[in-house]
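Scroll down for the structure; my scribbles are underneath it.
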Amino acid sequence: MREFRADAPGRVNLIGEHTDYQDGFVMPSTVPQRTTAVLRPRDDRSVHAWSRQIGSEPVIFHLGAERRGAAWGDYVQGLTWVLERERYTIAGFDLHLDSDVPLGSGLSSSAALEIATLRAIRSAFELPISDVALARMAQRAEVEFVGAPVGIMDQMACSLAGERDALFLDTRSLKFERIPLPAGLELVVINSGVAHQHAGGDYVTRRRESEEAARQLGVERLRDVPVDALPQVESLPPLLARRARHIVTENARVLEARDRLTAGDLEAFGQLLNASHVSLRDDYEVSVPAVDLLVEIAQSHDGVFGARMTGGGFGGAVVIAARAGLERAVASGVSEGYASRGHWQPEVLVPRAS
Ligand code: GLA
């Protein structure tokens, strides 16, 4: 029986947080950690999926009879469910997943699973699906089947970004540009160890608040509010004003960050990361004290251009823009500084231990 192998990386967002579901701008990259999918087509219409990380029992279901409630297996069921809805013909298969993208760290283990699995399905059944369409299908599976109302950043990053690129993406048009990371820049990613849950309430609450702010401002999405309209934003009820202010200013920061990165101005790029963190912490209120502390320690470390929380928030990881050559010193300095303040030793995800 033929075997089809594919993989996809986790993503780390550089800037543009909580903007994608309001049609805004984002700029993610990827991490070295990946999810691998090995697929063997079957003669019947059943799917047997194993995850090396989560137990030895397979998730088993029949194509056309996908039912929510199979925990991680919902991500796989969601994909075949979307493929059927979009009229692609596939057969049953065995699927073995293996991943070193940590769960709940804000590095998008779910999108890595979705894209790796879809890539394996695409090659096994010779489906004519572009990388952008693949990302759209993965997002649709997560939103409509799994029930997590996420934007499209993670799936686009896992499908289209490279490790030495920033993927500047307009989430409205899905037009993107790959910006090579300047040689003087290395990313450091540290997991706080506080796990988040996205299908959970906080993300959904923020999404609703942003939708309410857009409604009260009379726009379809907050993407449609330019920064010079901030005085109008301030006239909203205080909580909605804070939420909208984050998204409006964050979109402006992403555009600026793209220009700074392209120009190789890493000091200015780092300042934008710092400003993004303040906005996420104070206006969008999606950070937690452990993550704030990691960011603060990082920002005062030698060789750091800037640092911020990355991903959906409420825990997870921080991304640090470090001067190339100093990334290992930054990673160990920040994690030791954090441990010495009475916390546990956080996990350095990037750079990887050599
Ligand atoms: C999660 C979602 C993304 C995005 C980020 C916040 O990772 O999956 O779509 O909304 O949160 O920027």
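Atoms within a ligand are numbered from 1 in the order they appear, just like the ligands themselves.
- Paired with N251 under the rule side-chain contact (heavy atoms from CB on, under 4.5 Å), one option of T19, V26, L222 passes, and it is T19.
- Ring planes of F25 and F168: parallel class, angle under 30° (limits at 30 and 60°).
- Between G151 and ligand 1, a contact under 3.5 Å exists for at least one N or O pair.
- Of the polar atoms of N13, none of the N or O atoms is found under 3.5 Å from an N or O of ligand 1, judged by distance alone.
- Stacking of R260 on the aromatic ring of F269 is not recorded, the 6.0 Å distance cut-off and the 45° axial limit not both being met.
- Taking distance alone, with nitrogen or oxygen atoms compared against 3.5 Å, T19 stays at or beyond that limit from ligand 1.
- Membership of an apolar cluster is not assigned to I60, as no side-chain contact below 4.5 Å to another ILVMFWY residue is traced.
- Residue pairs satisfying the salt bridge (Lys or Arg N to Asp or Glu O under 4.0 Å) criterion with at least one member in residues 301-329, sequence neighbours excluded, are listed as follows: E17-R308, E267-R323.
- A donor-acceptor pair shorter than 3.5 Å cannot be found between the side chains of H62 and D44.
- Those atoms of ligand 1 that come under 4.0 Å of a heavy atom in Y21, given as number and element, are 10 (O).
- Each of the atoms 3 (C), 4 (C), 9 (O), 10 (O) of ligand 1 lies under 4.0 Å from some heavy atom of D20.
- Of all atoms in ligand 1, listed by their number and element, those nearer than 4.0 Å to a heavy atom of M153 are 4 (C), 5 (C), 12 (O).
- Atoms of ligand 1 lying under 4.0 Å from any heavy atom of R11, numbered from 1 in the order shown and given with element: 7 (O).
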